[in-house]
Amino acid sequence: MAQSDTVDRILDAAEELFAERGFSETSLRMITSKANVNLAAVNYHFGSKKALIHAVFARFLSPFSVTLETAFDELEQRCKGNPPTLNETLWALTESAIRMPQRNEKGISIFMRLLGLAYTQSQGHLRKFLEQEYGEPFGRFMHLLKEATPELSAVDRYWRIQFMLGATAFTMSSSDALIDILDNKLGVQASVQEIAARLVPFLAEGMKAPDKLQGPPSLAGTTVA
């Protein structure tokens, strides 16, 4: 078996199992069994489970970050010194992800599931790795968002970005299921590209929504049915 083929099989197995079970719940033995390799191969190519987790993310994010930087360069060139609009910035990010070559049809949904897990499970080493390796392109994205929403306070912008990322992670990681439900319920077929086309305007309007921060409504006198 060629060395590159062994690495790809290990990464494919790890990616799928991490997305299905989570990082802590997936053992190296599960990965080697699915990849049909021995534990020595994992240790030789990656050295540790943490390094394998990093490699799973790097396989998608390294080429994506290059594509994203190019998209931002082209966007800023088109804007000729003016700040890109929020829609333009979000489209640059979304189109870069959609245009990435995928190893299989579930590539984006699996990666978005993994990205969500990186922030919901105790994986401090992974968050540190992502910040160190990919902080520049995503820092640039955050800067463009700030330029496009000067009316927002830092706190409001922080929360709206988190809500935006949460909506994106849920929608794109569940895209296969959502497409099936739409087909079964309404007889309408959709694609990942169409989902993105509907998602971007929704996210943009959420980021720009008027600030109507209020306290929780009083529950006095209410009854629970």
Novice: If the condition is ring pair (Phe, Tyr, Trp, His ring centres under 6.0 Å), which residues does F18 pass it with, not counting sequence neighbours?
Specialist: F23
Novice: Could you report the tightest heavy-atom contact between A97 and F64, atom names first, then the distance?
Specialist: N-CE1, 3.4 Å
Novice: Using the rule given for side chain to side chain contact (heavy atoms under 4.5 Å, CB included), can you reason through H125 versus I53, listing the C-alpha separation, both sets of side-chain angles and the distance that settles it, and then say yes or no?
Specialist: CA-CA 10 Å; H125 69 92; I53 293 173; 4.2 Å; yes
Novice: Using a cut-off of 6.0 Å, state whether more than 12 heavy atoms not belonging to E151 lie near its atom CD.
Specialist: yes
Novice: Using side-chain heavy atoms (C-beta onward) and a distance below 4.5 Å, is L61 in contact with F138?
Specialist: yes
Novice: Restricting to non-hydrogen atoms, name the atom on P137 and the atom on F72 that form the minimum distance, rounded to 0.1 Å.
Specialist: O-CE1, 3.8 Å
Novice: What is the distance from atom CD1 of I195 to atom OG of S175, rounded to the nearest 0.5 Å?
Specialist: 5.0 Å
Novice: What residues, two or more places apart in sequence or in another chain, satisfy salt bridge (charged side-chain N to carboxylate O under 4.0 Å, His left out) together with R198?
Specialist: E194
Novice: Would you name the heavy atoms of C79 and P84 that are closest together and state the gap between them?
Specialist: SG-CA, 3.7 Å
Novice: For A197 versus P201, what's the shortest heavy-atom pair and its separation?
Specialist: O-CD, 3.0 Å
Novice: Go through F46 and V56 one step at a time and tell me if the side chain to side chain contact (heavy atoms under 4.5 Å, CB included) criterion holds.
Specialist: CA-CA 11 Å; F46 302 100; V56 166; over 6 Å; no
Novice: Taking atom CG of L203 and atom NZ of K208, what is their separation to the nearest 0.5 Å?
Specialist: 11.5 Å
Novice: Output yes when a side-chain donor or acceptor of R9 lies under 3.5 Å from a complementary backbone atom of V37, and no otherwise.
Specialist: no
Novice: To the nearest 0.5 Å, what is the distance between OH (Y158) and CE (M142)?
Specialist: 10.0 Å
Novice: Which is it for E76 and R140 under the salt bridge (charged side-chain N to carboxylate O under 4.0 Å, His left out) test, yes or no, and what are the steps along the way?
Specialist: CA-CA 11 Å; E76 291 181 331; R140 189 176 178 185; 2.8 Å; yes
Novice: If you look at every heavy atom in R157 and P150, which pair is closest and at what distance?
Specialist: NH2-CA, 4.1 Å
Novice: Please name the pair of heavy atoms, one in A41 and one in T6, separated by the smallest distance, quoted to 0.1 Å.
Specialist: CB-CG2, 4.3 Å
Novice: Spell out, yes or no, whether I161 and L199 are grouped together once hydrophobic residues are joined by side-chain heavy atoms under 4.5 Å, including indirect joins.
Specialist: yes
Novice: Around K146, counting heavy atoms of other residues, nucleotides and ligands shown, do more than 12 lie under 6.0 Å from its NZ?
Specialist: no
Novice: Examine L152 and W159 and state if one hydrophobic cluster contains both, with Ile, Leu, Val, Met, Phe, Trp and Tyr joined whenever side-chain heavy atoms are less than 4.5 Å apart.
Specialist: no
Novice: Are L68 and L75 connected, step by step, through hydrophobic side chains (Ile, Leu, Val, Met, Phe, Trp, Tyr) whose heavy atoms are closer than 4.5 Å?
Specialist: no
Novice: With side chains defined as the heavy atoms from C-beta onward, is the minimum distance between K49 and I31 less than 4.5 Å?
Specialist: no
Novice: Side chain of S153, backbone of D156: donor and acceptor closer than 3.5 Å?
Specialist: yes
Novice: Enter the distance from F111:CZ to E15:CD here, rounded to the nearest 0.5 Å.
Specialist: 9.0 Å
Novice: Could you state the interatomic distance from OG (S191) to CD1 (I179), rounded to the nearest 0.5 Å?
Specialist: 6.5 Å
Novice: R21 side chain to T26 main-chain N or O, any donor-acceptor pair under 3.5 Å?
Specialist: no
Novice: Show your working on side chain to side chain donor-acceptor pair (under 3.5 Å) between S62 and Y134 and close with a plain yes or no.
Specialist: CA-CA 8 Å; S62 291; Y134 307 105; 2.8 Å; yes
Novice: Considering residues at least two apart in sequence or located in another chain, which fulfil the side-chain contact (heavy atoms from CB on, under 4.5 Å) criterion with I181?
Specialist: K185
Novice: Atom NE2 of H54 and atom CD of Q132: how far apart are they, to the nearest 0.5 Å?
Specialist: 9.0 Å
Novice: Kindly indicate, with the supporting measurements, whether the criterion side chain to side chain contact (heavy atoms under 4.5 Å, CB included) is fulfilled by E69 and E136.
Specialist: CA-CA 9 Å; E69 288 278 21; E136 186 171 339; 3.9 Å; yes
Novice: Closer than 3.5 angstrom, by distance alone: can the side chain of T168 be matched with the main-chain N or O of M164 as a donor-acceptor pair?
Specialist: yes
Novice: Counting N and O atoms only, with roles assigned by atom type, does the side chain of T94 sit under 3.5 Å from a partner on the main chain of W91, one being a donor and the other an acceptor?
Specialist: no
Novice: Do any N or O atoms from the side chain of R160 and from the backbone of A209 form a donor-acceptor pair under 3.5 angstrom?
Specialist: yes
Novice: Transitively linked via ILVMFWY side-chain contacts under 4.5 Å: L117 with F170?
Specialist: no
Novice: Should V200 and F163 be regarded as members of a common hydrophobic cluster, given that ILVMFWY residues are connected when their side-chain heavy atoms come within less than 4.5 Å of each other, either directly or indirectly?
Specialist: no
Novice: Go through it in stages, so that I can follow the logic: the residues are V192 and M172, the test is side chain to side chain contact (heavy atoms under 4.5 Å, CB included), and I'd like the CA-CA distance, side-chain angles, deciding distance and then a yes or no.
Specialist: CA-CA 8 Å; V192 171; M172 300 310 295; 3.5 Å; yes
Novice: T32 side chain to R29 main-chain N or O, any donor-acceptor pair under 3.5 Å?
Specialist: yes
